[in-house]
Protein chains: 2
Amino acid sequence: MVTIKDISRECGVSPATVSKALNGYAEISPETVELVKRTASKLNYMPNAAARLLKTNRSHNIGVLFVDDTMSGLTHEFFSHVLNSVKEEAEADGYDITFISNNIGRQKMSFLQHCRYRNCDGVVIASVDFQNPEVLELVRSEVPVITIDYSFDNLSSIVSDNQEGAYRLGSYLAEQGHRKIAFVHGERTLVTQKRIRGFNKAMNEYGIEIPPEYIIEARYHDADSVRKATAALLDLEEPPTAIMFPDDFSFIGGQTEIIERGLSIPDDISVCGYDGINLSRILNPQLTTWRQNAERIGKESVRKLVESIEGTSVAEQIMVSGEFLSGNSVRKWEN
Amino acid sequence: MVTIKDISRECGVSPATVSKALNGYAEISPETVELVKRTASKLNYMPNAAARLLKTNRSHNIGVLFVDDTMSGLTHEFFSHVLNSVKEEAEADGYDITFISNNIGRQKMSFLQHCRYRNCDGVVIASVDFQNPEVLELVRSEVPVITIDYSFDNLSSIVSDNQEGAYRLGSYLAEQGHRKIAFVHGERTLVTQKRIRGFNKAMNEYGIEIPPEYIIEARYHDADSVRKATAALLDLEEPPTAIMFPDDFSFIGGQTEIIERGLSIPDDISVCGYDGINLSRILNPQLTTWRQNAERIGKESVRKLVESIEGTSVAEQIMVSGEFLSGNSVRKWEN
DNA sequence: AGTATTGACGAAAACGATTTAGTAAATTAA
DNA sequence: TTAATTTACTAAATCGTTTTCGTCAATACT
């Protein structure tokens, strides 16, 4: 391994000078800088991140906390898009990313411990149980943190406009003439609350009274639980003519139930999803849904996080808007 | 940050003793070990990975090289499963993972340089262009490497049984009575060659003569190119009655073309995919396909890589078998 | 001319661990 | 009883950087 000493020997200057030349200190003469840089690339020199970190306390590494028991991590299409965008923006900013977990090797270690162990300069937290004590420990620690789709006081966060999304979908269904609109939502997280609020707002504006049994809880990304919720809705004395589902993927559970009952989408029942992942575009019929801007969510998270790592940035909540995606899963309803 | 020195002070022993006690050296008395460990956990001590690395040259970090221009990295469902499994096995073995790229910050750096910069103990290489000079440089370097779905001489690799997969799918179509079977395959990589071989083997066994224009190249994970290939097939004077597609995802392109021509699956034309991702299970009709065992591929890669990092292990090629998944996309063909 | 300033560089400590080569006391062997 | 061995520990070097003070010329200012 070629080190700074090799360069210093080759150039006849001290290691200190090499370091400074490489890091652009003004006190080194242009000729020396030139010489050092040339030999560095001649010798194929790469700084040792560990040594640098040890001295500077900056790892150029950001942690990503992405775990959630309801979904199998990276295989969740929406989050894999967020993650991909996080990765790309991080790389563009000169950072690598490390997944934060709480069991590394045989050792149990808390999220915070893992961050410290790897000296993460900051952490992006997404889609976890934000009440989890380990998450709270991390959030309250000294390590810079940004949260996705959840906001803590005095901390920056990136949130997808969930209220708007549910509002737009609800409004659309109402516009199409539906009056019996059900909402199968996910676990009662902040995201869910926002969506319920958006849904209610739309219903209010259209003067639609929604009976409580039309608003029913299932689990995100869990086709089975959504299927059961759908069954419950269809078993009602007055079943809905339209259903909003928690997300595009779990909608499949609902679809299965609907089809098995001999009903068809959208003739007998109109549906819409949430997320706007690729899947929603290729389903048959194509799903009417709300596309969350995963790319921008990931990118903004890192941008904001790096800002708060490198400079001083004020806590801020950044709202990322989405986009209505129409499909063929909703039909006009006339009565 | 609490260091080994804090513990040594608290316990009244030297830092050396603390280090040895923590690392299970035999020369430390049981009482001291006990004392050191207790105070370590009392002070919430975490070793500093960078400092340890600097001295030991072991980062407990494995690199993952996953780039490919035809697919958008992590958002590829099959590879996100492999990756997820790589991550889990790595964590179980006490490793973190780092994505290897060749542009970190404003600096261009080769894959190998990136590995050295982060001191990766080893690298898992998957799904890239294995002729890429930078990949070759990495493969030929001193850093332990394992390749997925490609084998270099004297290096360990994990390969999915592509020949078997294509063979089984081809055989199945033939069994169902099809005689005009087309194969839309991906770019001419080793994987593709294996599949073509498997396909041909099946056709031979059933004594089926396949005209050259039935074997046609498209691109993996590229719905558009597959759509074009499908169009070409359907435009033939004697179009096939069954088509094997490069993968489940890009099949969508073929499906679109088929449907737009007013044909239906499987009544007019039978199809099968490859990969067996979730998507294939929820498509309508459900896709007949070959499930690659992404979980085992990821897990075995890390296991083998760690083996060659930690001990001495012989180069070995591990074949991971898949599983035939039947759907409703193929119908019996009687003539 | 004498002093102050600037420019260009180097010596050495430090970061937090690991590890080699001791050392002193306790134990065993002869 | 003395020498040899074992036990339990420590001092100090080291990994590859960065950074704080110097230092020593050369130049600029009274």
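Any value given below was found using the heavy atoms of this structure, including those in side chains, with hydrogens, waters and symmetry copies removed. The sequence lines fix the lettering, A, B, ..., with proteins before strands; numbering per chain opens at 1.
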Problem set entry | Those residues of residues 31-56 of chain A lying under 4.0 Å from DNA chain C by at least one heavy atom | Thr32(A), Leu54(A), Lys55(A)
Seminar exercise, completed: Per atom distances to the Ser29(A) side chain, the nearest of dG16(C), dA12(D), dC9(C) is dC9(C)
Problem set entry | Full working for salt bridge (Lys or Arg N to Asp or Glu O under 4.0 Å) between Glu307(B) and Arg303(B) | CA-CA 6 Å; Glu307(B) 216 174 72; Arg303(B) 210 188 44 70; 3.2 Å; yes
For this session: Report the end-to-end axis angle of the helix from dA1(C)-dT30(D) to dA30(C)-dT1(D); each axis comes from five terminal pairs, and the value is rounded to 10°.
Result: 50°
Exercise. The side chain of Thr3(B) lies closest to which of these nucleotides: dG16(D), dA17(C), dA8(C)?
Worked result: dA17(C)
Exercise. Could you state the CG-P distance from Asn57(B) to dG16(C), rounded to the nearest angstrom?
Worked result: 20 Å
For this session: Flag the pair Ser157(A) / Tyr150(A) as yes when at least one side-chain heavy-atom distance between them is below 4.5 Å, and no otherwise.
Result: no
Exercise. If you measure from the Lys or Arg side-chain nitrogens to the Asp or Glu carboxylate oxygens, is any gap between Arg296(A) and Glu300(A) under 4.0 Å?
Worked result: yes
Exercise. Can you tell me if His60(A) and Asp93(A) form a side-chain donor-acceptor pair at under 3.5 Å?
Worked result: no
For this session: Not counting sequence neighbours, list each pair that qualifies as a salt bridge (Lys or Arg N to Asp or Glu O under 4.0 Å) and has a residue in residues 34-48 of chain A.
Result: Glu10(A)-Lys42(A), Glu34(A)-Arg38(A)
Problem set entry | Within the 6.0 Å centroid threshold, strictly below: Tyr220(A) and Phe78(A) | no
Problem set entry | Centroid-centroid under 6.0 Å between Phe66(A) and Phe99(A) rings | no
Problem set entry | Protein-nucleotide distance (His60(B), atom NE2; dA17(C), atom C1'), rounded to Å | 13 Å
Exercise. Rounded to the nearest Å, what distance is computed from the CE atom of residue Met1(B) to the P atom of nucleotide dC15(C)?
Worked result: 12 Å
Problem set entry | Between C1' of dT17(D) and CD1 of Ile4(A), the distance in whole Å | 6 Å
Exercise. When you check the side-chain N and O atoms of Ser110(B) and Asn102(B), is any donor under 3.5 Å from an acceptor?
Worked result: no
Exercise. Which listed nucleotide (dG10(C), dT18(D), dA21(C)) is nearest to the side chain of Ser14(A)?
Worked result: dG10(C)
Problem set entry | Over 12 non-hydrogen atoms of neighbours within 6.0 angstrom of NZ in Lys87(A) | yes
Exercise. Per the atom types in the model, does the base of dT17(D) pair as donor or acceptor with the side chain of Lys20(A) at under 3.5 Å?
Worked result: no
For this session: Mind calculating the distance between CZ (Arg58(A)) and P (dA14(C)) to the nearest angstrom?
Result: 23 Å
